Amino acid sequence: DVQLVESGGGVVQPGGSLKLSCAASGFTFSGSAMHWVRQSSGKGLEWLGRIRSKANSYATHYAASVRDRFTISRDDSMKMVYLHMNSLKTEDTAVYYCTRHYTYYYSVGYIDVWGKGTTVTVSS
Amino acid sequence: FVLTQPHSVSESPGKTVTISCTRSSGSIATNYVQWYQQRPGSAPIIVIYEDNQRPSGVPDRFSGSIDSSSNSASLTISGLKTDDEADYYCQSYDSYNPVIFGGGTKLTVL
């Protein structure tokens with residue numbers, strides 16, 4: 001079964017940093033683009049960014065709201081994707097989800113699988 | 001562009017409900033639309049991909065469509081069950097933004 005498991009969430013002070021991890025299993029991780037999405041309590045889904053596969057030069061793309069503070073990386077040998085968050089603000093408090101971008105043949109693809117999420121609280 | 005969904009909809013068990021997702025600019029037909037269901041306390045799951053395709057395991061009570069005249073996508077759920085009560089999000093993309101979510105619709109089955 002395709003599975004994504006996030007970890008690394010916790011409480012951090014404003015201005016601090018945190019690194020979230022996502023362990024993937026059950027699919028060809030190296031060939032898949034991966035996204036991070038977050039959701040503040042009682043709010044909607046907010047896309048944060050994407051990292052593509054090695055075949056696409058590990059290209060990254062970020063939402064404007066986090067572009068200068070968040071970075072996505074991956075380790076294909078470990079089947080892991082990471083979200084590095086710097087200069088955290090109270091408004092970054094949210095559940096953070098790791099998701100897989102599924103493609104087939106020459107399709108554009110779509111997000112099909114989500115992890116259960118990890119909670120980040122930014123508070124003094 | 002922005003995807004606009006109604007904040008909430010409600011319907012009775014056994015009935016049919018349709019949730020709309022209106023694209024603010026550009027044609028709804030240009031880029032595929034996905035729909036996600038999120039039950040309270042759980043991660044989202046995909047229920048419709050590429051406008052009208054249903055993943056395996058999703059009941060055929062769920063269907064998707066697009067309407068160019070209203071520039072919107074729709075998720076229709078027939079034979080409503082109390083278990084369908086959840087938040088539903090539409091999602092699309094464009095050349096500059098790989099993922100754009102609608103604001104979400106809370107479905108109440110009462």
Side-chain angles (χ1 to χ4, degrees), chain A residues 1-7 9 22 27 32-53 56 59-67 70 72 94-119, chain B residues 1-8 19 21 26-58 62 64 66 73 75 86-107:
Chain A
D1 283 0
V2 175
Q3 194 170 11
L4 300 171
V5 179
E6 303 92 339
S7 61
C22 171
F27 64 100
S32 298
M34 302 293 292
H35 303 258
W36 285 93
V37 177
R38 72 182 177 186
Q39 185 174 37
S40 301
S41 181
K43 303 296 185 182
L45 301 172
E46 180 186 10
W47 176 77
L48 299 176
R50 174 199 69 189
I51 185 165
R52 301 185 73 177
S53 64
N56 291 290
T60 54
H61 192 134
Y62 300 96
S65 60
V66 301
R67 185 170 297 143
F70 291 8
I72 300 174
V95 175
Y96 285 72
Y97 295 103
C98 168
T99 72
R100 178 182 78 161
H101 190 100
Y102 175 72
T103 57
Y104 59 97
Y105 300 116
Y106 299 103
S107 69
V108 170
Y110 49 91
I111 290 173
D112 70 332
V113 176
W114 300 62
K116 293 186 185 303
T118 187
T119 300
Chain B
F1 63 87
V2 174
L3 296 172
T4 300
Q5 301 180 234
H7 181 69
S8 62
I19 299 172
C21 171
S27 171
I28 192 70
T30 298
N31 308 103
Y32 285 126
V33 175
Q34 279 65 241
W35 289 91
Y36 301 91
Q37 175 195 67
Q38 185 179 33
R39 294 191 177 100
S42 296
I45 61 170
I46 189 164
V47 292
I48 294 290
Y49 67 95
E50 293 178 353
D51 295 342
N52 55 20
Q53 301 300 302
R54 205 171 41 250
S56 60
V58 174
F62 289 78
I66 62 169
L75 172 68
D87 294 328
Y88 291 85
Y89 294 89
C90 61
Q91 176 263 312
S92 191
Y93 54 91
D94 65 13
S95 301
Y96 305 100
N97 303 283
V99 177
I100 299 169
F101 287 109
T105 299
K106 180 179 179 60
L107 169 63

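The figures here come from the full heavy-atom set of this structure, side chains too, leaving out hydrogens, waters and symmetry mates. Here the structure is a predicted model, which is why all the values come from computation and not from measurement.
In this structure, B/Tyr36 and A/Ile111 have side chains that are in contact, with non-hydrogen atoms separated by less than 4.5 Å. Residues A/Gln39 and B/Tyr89 are in side-chain contact: their nearest non-hydrogen atoms beyond the backbone lie under 4.5 Å apart. Between A/Ser107 and B/Tyr32, every side-chain heavy-atom pair lies at or beyond the 4.5 Å cut-off.
Chain A forms the most heavy-atom pairs under 4.5 Å with one residue out of B/Ser42, B/Pro55, B/Pro98, and that residue is B/Pro98.
Residue contact with chain B, scored on non-hydrogen atoms closer than 4.5 Å, is absent for A/His101.
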Begin from the C-alpha positions of A/His35 and B/Val99 and carry the test side chain to side chain contact (heavy atoms under 4.5 Å, CB included) through to its verdict.
CA-CA 9 Å; A/His35 303 258; B/Val99 177; 3.6 Å; yes

Determine, step by step, whether A/Val37 and B/Phe101 satisfy the side chain to side chain contact (heavy atoms under 4.5 Å, CB included) criterion, reporting the C-alpha distance in whole Å, the side-chain angles of both residues, the deciding distance to 0.1 Å, and the verdict.
CA-CA 10 Å; A/Val37 177; B/Phe101 287 109; 3.9 Å; yes

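The CD atom of B/Gln38 sits 7.5 Å away from the CH2 atom of A/Trp114 when rounded to the nearest 0.5 Å.
Taking both residues in full, the closest heavy atoms of B/Ala43 and A/Lys116 are given as CB-CA, 4.2 Å, listed atom of the first, atom of the second, then distance.
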